[in-house]
Protein chains: 2
Amino acid sequence: MVRAKGGQPSIRDVAQYANVSVASVSRYLNNGGGVGAEKRQAIAAAIEMLHYQPNPIARALAVNEMSSISVILSDISLYGPMKILEGIEEESRRCGYLVSVSLLDADIEKARETVDGLARSRPLGCVIIDLDRTSSTHALISYIRKKMPTVLISDERGQSDVELGAYIGGYEITKYLLSLGHKTVHHVSVPVNNNRYTRTHGWRQALQDAGAPIPEPIAADWDCREANRIGEYLSTLPDVTAVFAGNDEVAAGVIRGLTMAGKRVPEDISVAGFDDNPIASLTVPSITTWRQNFKDFGFRAVRLLRKDETALSSSVALEDQLRDDASRAAFVDQHLIVRESTTRLV
Amino acid sequence: MVRAKGGQPSIRDVAQYANVSVASVSRYLNNGGGVGAEKRQAIAAAIEMLHYQPNPIARALAVNEMSSISVILSDISLYGPMKILEGIEEESRRCGYLVSVSLLDADIEKARETVDGLARSRPLGCVIIDLDRTSSTHALISYIRKKMPTVLISDERGQSDVELGAYIGGYEITKYLLSLGHKTVHHVSVPVNNNRYTRTHGWRQALQDAGAPIPEPIAADWDCREANRIGEYLSTLPDVTAVFAGNDEVAAGVIRGLTMAGKRVPEDISVAGFDDNPIASLTVPSITTWRQNFKDFGFRAVRLLRKDETALSSSVALEDQLRDDASRAAFVDQHLIVRESTTRLV
DNA sequence: TTGAAAGCGTTACCAA
DNA sequence: TTGGTAACGCTTTCAA
C-alpha cells in the first residue's frame, strides 16, 4: 500500500488501490457522474479502506476557490453580531464550509490589507455584519464587494442583502408604548448612520403616525458607558414618561440612571429595550424588548452565498432575487416581548 | 506583461519581470536570505510594479500548512469565550494568520468529523476554549491533540496550556465577602466538571482557610434561566447573608430572584458575580465582581502556537515551558471590582 | 548566489 | 465511460 509522504493517503493512492485512474476518483468525489457502477464500487471501497479524505487545500488551488466563508465585522462582543456569527457558523458547518472571522481595523489602510488577505484566501464569499455604522467596516463595503462575493447584513435598505428589520421593531415598540397611554416616547439611540431604516427611524415614524411630539433622540455609545448618565439626565426632564432604548444594555443603564435619580421604573417612567438579550430577563425590573432572530439572519446569509455559487450567470437578476428574499423574510420571527419595565401611564 | 489566467500575477510573472528565476523570488519572499543585492532590488521593483501578492493556498499546498489558526469552542455567545476569541483574532491578524471558528456539535461523532475537517485544512494549530466542561468539546480534547498542535484554554491545571485563574478569583472574592463580616458565603456555580481549579474550588478553599462553614453549592445553568429561581430559593434559607455567583449574569438573576422574594441586596444579602461582564455595572444594584482579562488569554494562546512553530525539536521541554508561562501569567491583570451589590454585614 | 525542475494533491481538458 | 496529463502557484532540492 503506497502512500503519499504526508502520511495521509492521496487521491493517487485511492486510484491505485481501486485500479482506476485518478481522474475517475476525482469525478466520483465531485458530482459522481461519469463513473461506471463497478468503478464506483471499487473507489468507494478504496476510500473506505484507506480512510481517504480529500485535501481541501489542493482542491482550492485547482479550482481557485476555498470552501470557506469569511465573516467581517467590527465588534464581536455585541450580542447581535455574535448571534449572527453563531448562525453563520452553524449553517456553514452543515455545508462543510470553514468560517473565518476578521475584525476590521479602525485604520482604513490596515483594514484594506485585511480584506486583501481575506480575498487572497479565496473564500466562497464573505458576509459583512455591519450593525455599527460608525466603523471602518461600513466605509469599505464597496471595496469588499469588488474583491469577492459579498452578503451584507445591515439595516440599510437597498444596500443590504439581509435586512435586520430594526425599523419595524422600532416602530412596533414605540406603538406599544404609545398604546399604554404615553403622550410621547423618548429615544436613546445606539450608533447608526443616517440611513432611513433603523430602529430610530421606526420610532420616529410611529410617533409621527400617532401625531405625537417627536423629542430629539439622545445618542448613546454601544458600550453603554454613558447609559447611566443618560438615565440621570432623562430624570431631570419634566415630560418623560416613556423611553425606548436602542438595545437592552442601554435600557439597563438608563433604568439604572433613572433609579439612582429617584425615579421608579416602570411606575414613573416606562423603559423598553431592543434585541432580547438574555440579560433583559435578569434585571430588576425585567426589560420589555423586541426579539430579533439573529441566528436566522446568519443562516440566511450563508444560503445567499451558496445560491450565488450556483447561479453565476445572471448576476443582476440574482441580486434582485436576493433582495426580495431578504425583505420577505425580514418579518419572520420578530416580536414584542412585554416584561416589567413598561406599564400603562396612570 | 504576461499574467496568469486568474487575473492575479503569479510568482512566475514576478520572476519574469525581474529577470530572475522563480526560485529566487520565492527565497526573497520567505527568509530573504540567499539573494544578491541587485536581484533583491529587481524583485522588489517587480512586486511593486505588478502588485504581486503571494497565493496563500498554493503556499499551503507546498508546505503542507496553512497560515491559519482554528478556534474550537462549544458556545460562542458567552461573554468570556467571546472576549478570548476577540483576543485571538486581534493577535492573529497582527501576525497575518487567518482565524477560523468552529462550534462542536453535541453529537460526538459529528464533532469528530468537524475536527477532522479542521485538521485537513492544515492550520498552524488550534486553540480550544473550554470554559464549559459539560460540552462535547471537553470529551474530544485528546482526540484533537492527536490531530494538530493544540493550545487548551481552560481552568483545569495540568491539562490546560493557558489557565484562566478562576481559582484565585473565586478564592479572593470569597475572602473579600468574609472580610465584610459574613459568617459564610453561599455559592451558585456555573457548569464545570469536577477538576480542582475552578472558581468553585477557590471559593471552597477560602471558606476552609477561614474556618467558615461550607454550604452545598447550588448548580446553575450557563444560560441563567434558573438563576431567578435560585435567588428565590436562597431567600427561603435562614442563614444566607452572602452569595458568590459563578458569573455576572447568574448574579443578576440571583439578585432579581432575591429582590422578587422581598430581600434587599445588599442590605439583607450581599451578592458577588464573576467576569466583569459590562452588564455588571448597569444593573441595580451594580455587581461586585472579579475582573478577568479574557482578551489577554487569547493573545497568549496565539503566541504559544507561534512558539510551537519555531521549536519543533524538544517538544517535551517545550510543553513544560508553556505550562510555566501559563501559570506565571495567570495572575496578571485580574482583580476584584467592588460595586454596590455587596456590603458589610450589620 | 542562482536556476532548473520535481513535487504538493487536486481538477479539467482532451483523447481514446 | 475511461485515463493520461497539463495546469493551479508555490517551495525546495540539487547542480551549476
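As the structure is a computational prediction, the values presented were derived from the model and not from experiment. Throughout, protein chains are lettered first and strands after them, A, B, ... in sequence-line order, and every chain is numbered starting at 1.
- Contacts of B:Val35 with the nucleic acid, taken as non-hydrogen atoms under 4.0 Å apart, involve only primed sugar atoms and P, OP1 or OP2.
- Nucleic acid contact class of A:Ser24 (heavy atoms, under 4.0 Å, all strands): sugar-phosphate only.
- With salt bridges taken as basic N to acidic carboxylate O contacts below 4.0 Å, one links A:Glu91 and A:Arg94.
- Residue contacts for A:Tyr52: at a heavy-atom cut-off of 4.0 Å it reaches the sugar-phosphate backbone alone, with no base atom in range.
- The residue among B:Leu61 and A:Gly34 whose nearest nucleotide of DNA chain D is located toward the 5' end is A:Gly34.
- With 3.5 Å as the limit, one finds a donor-acceptor pair spanning the side chains of A:Asp75 and A:Ser77.
- Side-chain nitrogen and oxygen atoms of B:Ser21 include none within less than 4.0 Å of the OP1 or OP2 phosphate oxygen of C:dT2.
- One can place CZ of A:Arg40 at 10 Å from P of D:dT1, the figure rounded to the nearest angstrom.
- When each of B:Glu38 and B:Val63 is assigned the nucleotide of DNA chain C bearing its nearest heavy atom, the one mapping closer to the 5' terminus is B:Glu38.
- One finds a side-chain N or O of B:Arg59 lying less than 4.0 angstrom from the OP1 or OP2 phosphate oxygen of D:dT11.
- In terms of phosphate contacts, A:Asn30 brings a side-chain nitrogen or oxygen within less than 4.0 Å of OP1 or OP2 of C:dT11.
- Using a 4.0 Å heavy-atom criterion, one finds that B:Pro56 contacts no nucleic acid atom at all.
- Of the listed nucleotides (C:dT10, D:dT12, C:dC8), C:dT10 has the atom at the smallest distance from the side chain of A:Ala58.
- Using a cut-off of 4.0 Å between Lys/Arg side-chain N and Asp/Glu carboxylate O, B:Lys83 and B:Glu86 are scored as salt-bridged.
- With respect to B:Asp296 and B:Arg300, a salt bridge is recorded, a charged nitrogen being found less than 4.0 Å from a carboxylate O.
- Atoms CD1 (A:Ile43) and P (D:dT1) sit 13 Å apart, rounded to a whole Å.
- Using a 3.5 Å distance cut-off with no hydrogens or angles, the side chains of B:Ser142 and B:Arg145 do not pair a donor with an acceptor.
- Between the CD atom of A:Glu65 and the P atom of C:dG9 there is a distance of 22 Å, rounded to whole Å.
- Distance, A:Arg27 CZ to C:dC13 P: 12 Å, rounded to whole Å.
- Spacing between atom CG of B:Leu50 and atom P of D:dG9 amounts to 14 Å, rounded to whole angstrom units.
- To the nearest angstrom, C1' of D:dG9 lies 14 Å from CZ of A:Arg120.
- Residue A:Lys39 contributes atom NZ, which lies 7 Å from atom C1' of D:dT2 at whole-angstrom precision.
- The residue A:Val22 sits close to a base: some heavy atom pair falls under 4.0 Å.
- Side chains of A:Ser100 and A:Ser70: a donor-acceptor N/O pair is present below 3.5 angstrom, by distance only.
- With distances taken from any side-chain atom of A:Val20 to the nucleotides C:dC8, D:dC8, D:dG3, the minimum falls on D:dG3.
- Across the protein-nucleic acid pair, A:Tyr28 atom OH and C:dA12 atom P stand 18 Å apart, rounded to whole Å.
- Contact annotation for A:Gly36: backbone-only contact, meaning every heavy-atom pair under 4.0 Å involves sugar-phosphate atoms and none involves a base.
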